[in-house]
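This report refers to the structure that appears directly beneath it.
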Amino acid sequence: MDKRVFRCNYLIKKIQKGNEKALDELFKEYGALFLNMAKKYLFDKSYAEDLLSEMFLELLKKEARSFDENKNGLNWIFTIIRRKAYRLNERNNCSFIFDGTEYGKHLSEYFAYEDNPFSENSLDKTLLKKALDTLTEEENKIIYYKYWEGLTVREIAGEMNIPRSTIQYKIKEILSKLKEYWNGR
């Protein structure tokens, strides 16, 4: 286990036991990293500090209890930050499809996965927007969760309250639909 992950896990375990000083240590050691992560996922970067304050408070009150010490504590916290950022974006009515230039940059980064029907070289923001516009709201949300939020199929199914097998099928169909659109342009 990486030294940073080991240290983070240690601090989370102390927080689980109600040690508030461990929360301060976690902030001192990883606060800048967590802040950068929050800014990466927020449309309005000015909410990043608020998101972290809320995350640390919830970590102390309840979140730490659900932590499995055999897992990667940094990744666990990154997941909390990512989900909070997504919900904050929704509360602030940030639209999913190309709400500003930076979103396009993030989306192109997440479309670099193996099962991406598009090559990185052919990814054009305007054409991608047109391709995504052909999808339903639900399909866009699934693509958002998968490629922008980086959620697993299980996590998407939980977020959308849809069976995993259905999400797997829909992802395959959506990618096929986008590939067809992309190749027919």
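Everything numeric here is computed off the predicted structure, so don't read it as measured data.
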Kindly say whether Lys172 contributes a backbone atom to a donor-acceptor pair with the side chain of Ser176 at under 3.5 angstrom? no
In short, Val153 meets Arg164 closest at the heavy-atom pair CG1-O, 3.6 Å
Angle between ring planes, Phe56 versus Phe34, binned at 30° and 60°: parallel, tilted or perpendicular? tilted
Short question: side chain of Asn140, backbone of Asp133 - any donor-acceptor pair under 3.5 Å? no
Counting C-beta onward and ignoring hydrogens, is there a side-chain heavy-atom pair between Leu26 and Leu59 closer than 4.5 Å? yes
Please work out whether the ring planes of Trp76 and Phe67 are parallel, tilted or perpendicular, with thresholds of 30° and 60°. tilted
Below 4.5 Å, heavy atoms only, C-beta onward: do Asn72 and Asp2 meet side chain to side chain? no
Does any part of the side chain of Ile77, heavy atoms only, come nearer than 4.5 Å to the side chain of Ile12, both counted from C-beta? yes
Can any side-chain N or O of Tyr30 pair as donor or acceptor with the backbone N or O of Arg4 at less than 3.5 Å? yes
How about Arg82 and Thr79: do any of their side-chain heavy atoms sit closer than 4.5 Å? yes
Is there a side-chain contact between Met160 and Glu138 (heavy atoms, below 4.5 Å)? yes
So does Lys170 pair up with Glu139, basic N to acidic O under 4.0 Å? no
Could you measure the distance from the SG atom of Cys8 to the CG atom of Asn75? Nearest 0.5 Å is fine. 9.5 Å
Non-hydrogen side-chain atoms of Asn9 and Leu74 separated by less than 4.5 Å: no
Side chain to side chain contact (heavy atoms under 4.5 Å, CB included) between Glu155 and Arg83, intermediate numbers included: CA-CA 11 Å; Glu155 291 170 328; Arg83 287 186 179 151; 3.0 Å; yes
Donor-acceptor pair, side chain of Thr166 and main chain of Ile162, under 3.5 angstrom: no
Using modelled atom types and a 3.5 Å cut-off, is there a donor and acceptor pairing between side-chain atoms of Glu54 and backbone atoms of Leu51? no
Report the residues that fulfil side-chain contact (heavy atoms from CB on, under 4.5 Å) with Glu29, sequence neighbours left out, ordered by chain and then residue number. Arg7, Leu11, Glu25
Evaluate the side-chain proximity of Tyr145 to Glu159: yes if any heavy-atom separation is below 4.5 Å, no if none is. yes
In the structure I gave you, are the side-chain heavy atoms of Ile142 and Leu135 within less than 4.5 Å of one another anywhere? no
Take atom CZ in Phe78; do more than 12 heavy atoms of anything else shown fall under 6.0 Å from it? yes
Evaluate Ile156 against Thr152 for side chain to side chain contact (heavy atoms under 4.5 Å, CB included), listing each step before the verdict. CA-CA 6 Å; Ile156 296 168; Thr152 65; over 6 Å; no
